[in-house]
Amino acid sequence: MDNSCINSTLGSCIDFDITYADESGTPENITDSTFDVYKASKPAFYDAVISISDPLTGAVHFHLSPDNSAKLSSGNINWFRIRRTMPDGCAQVSEQIWVNMV
């Protein structure tokens, strides 16, 4: 995922996919990894559902419900970070993912 922001409307769901890949761009096998919101600007992000949609191609799906989206602030001031925890307990945390609510 690049560092551009996600644009959405207050009260609408926020859905997007992320692909985990290595330095060369090859998708990673994330079969035994778990994902959660590590840090966020608003508590509503902690209720997001993060699920593995295709483990062999590194695909993860993020979903924030309309009720939780309505709890965010207007403008490009909302952000969260996703944590990937690997089977050995090591964790990898994303950069801030910005959400612009209009």
Side-chain angles (χ1 to χ4, degrees):
M1 171 168 231
D2 64 22
N3 288 333
S4 60
C5 75
I6 296 162
N7 292 301
S8 191
T9 305
L10 284 170
S12 65
C13 66
I14 298 174
D15 275 304
F16 63 90
D17 294 310
I18 300 170
T19 299
Y20 281 80
D22 64 19
E23 297 82 27
S24 66
T26 303
E28 296 181 20
N29 182 339
I30 57 172
T31 300
D32 296 321
S33 296
T34 58
F35 297 85
D36 65 333
V37 173
Y38 171 71
K39 264 189 167 179
S41 62
K42 298 285 185 182
F45 283 119
Y46 293 106
D47 291 329
V49 175
I50 304 172
S51 57
I52 297 174
S53 49
D54 188 345
L56 299 179
T57 63
V60 174
H61 185 76
F62 178 96
H63 174 81
L64 188 67
S65 71
D67 289 343
N68 284 309
S69 163
K71 298 174 186 174
L72 302 178
S73 298
S74 293
N76 191 17
I77 60 172
N78 307 285
W79 60 267
F80 62 94
R81 297 176 72 186
I82 295 176
R83 174 176 47 203
R84 172 187 178 190
T85 304
M86 294 167 233
D88 64 1
C90 289
Q92 179 183 56
V93 179
S94 73
E95 296 294 323
Q96 289 178 331
I97 300 169
W98 290 90
V99 180
N100 180 31
M101 300 304 287
V102 294

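Keep in mind that this is a model prediction, so the values were computed, not measured. In what follows, residues are counted from 1 in the order of the sequence shown.
- Under the 4.5 Å side-chain criterion, counting only non-hydrogen atoms from C-beta, Ser73 is not in contact with Met101.
- Hydrophobic clustering (ILVMFWY, side-chain heavy atoms < 4.5 Å, transitive): Val60 and Tyr46 are in one cluster.
- The closest donor-acceptor contact from the side chain of Ser53 to the backbone of Ala59 lies under 3.5 Å.
- Here the straight-line distance linking atom CD1 of Ile6 with atom CG of Asn100 works out to 10.5 Å at 0.5 Å rounding.
- When atom types are taken as modelled, the side chain of Ser41 and the backbone of Trp79 share a donor-acceptor pair closer than 3.5 angstrom.
- For the atom pair Ser8 OG and Leu72 CG, the distance stands at 8.5 Å (nearest 0.5 Å).
- No donor-acceptor pair closer than 3.5 Å links the side chain of Asp36 to the backbone N or O of Tyr38.
- Judged by the 6.0 Å distance and 45° axis criteria, Arg83 is not positioned over the aromatic ring of Phe35.
- Side-chain polar atoms of Arg81 and Ser94 form no donor-acceptor pair below 3.5 angstrom.
- In this structure a side-chain-to-backbone donor-acceptor pair under 3.5 Å is present from Asn78 to Val99.
- A distance of 9.5 Å separates OG of Ser12 from CG of Leu64, quoted to the nearest 0.5 Å.
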Report task. Test side chain to side chain contact (heavy atoms under 4.5 Å, CB included) on Thr19 and Thr57 and set out the steps. Result -> CA-CA 7 Å; Thr19 299; Thr57 63; 5.9 Å; no
Query raised in the report: What do the steps show when you test Glu28 against Arg84 for side chain to side chain contact (heavy atoms under 4.5 Å, CB included), and what is the final call?
Result: CA-CA 12 Å; Glu28 296 181 20; Arg84 172 187 178 190; 2.4 Å; yes
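- The distance from atom CG of Asp32 to atom OG1 of Thr85, rounded to the nearest 0.5 Å, is 12.5 Å.
- Note that SG of Cys13 is 11.0 Å distant from CG of Asp67, once rounded to the nearest 0.5 Å.
- Phe80 meets the ring-ring contact (aromatic ring centres under 6.0 Å, His included) test with Phe45, Phe62; sequence neighbours excluded.
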Query raised in the report: When you look at Val102 and Leu10, which way does the side chain to side chain contact (heavy atoms under 4.5 Å, CB included) test go after all the steps?
Result: CA-CA 6 Å; Val102 294; Leu10 284 170; over 6 Å; no
Query raised in the report: Given Met86 and Gln92, is the side chain to side chain contact (heavy atoms under 4.5 Å, CB included) satisfied, shown in steps?
Result: CA-CA 8 Å; Met86 294 167 233; Gln92 179 183 56; 3.8 Å; yes
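- Between Ile18 atom CD1 and Ile50 atom CD1 the span is 7.0 Å, to the nearest 0.5 Å.
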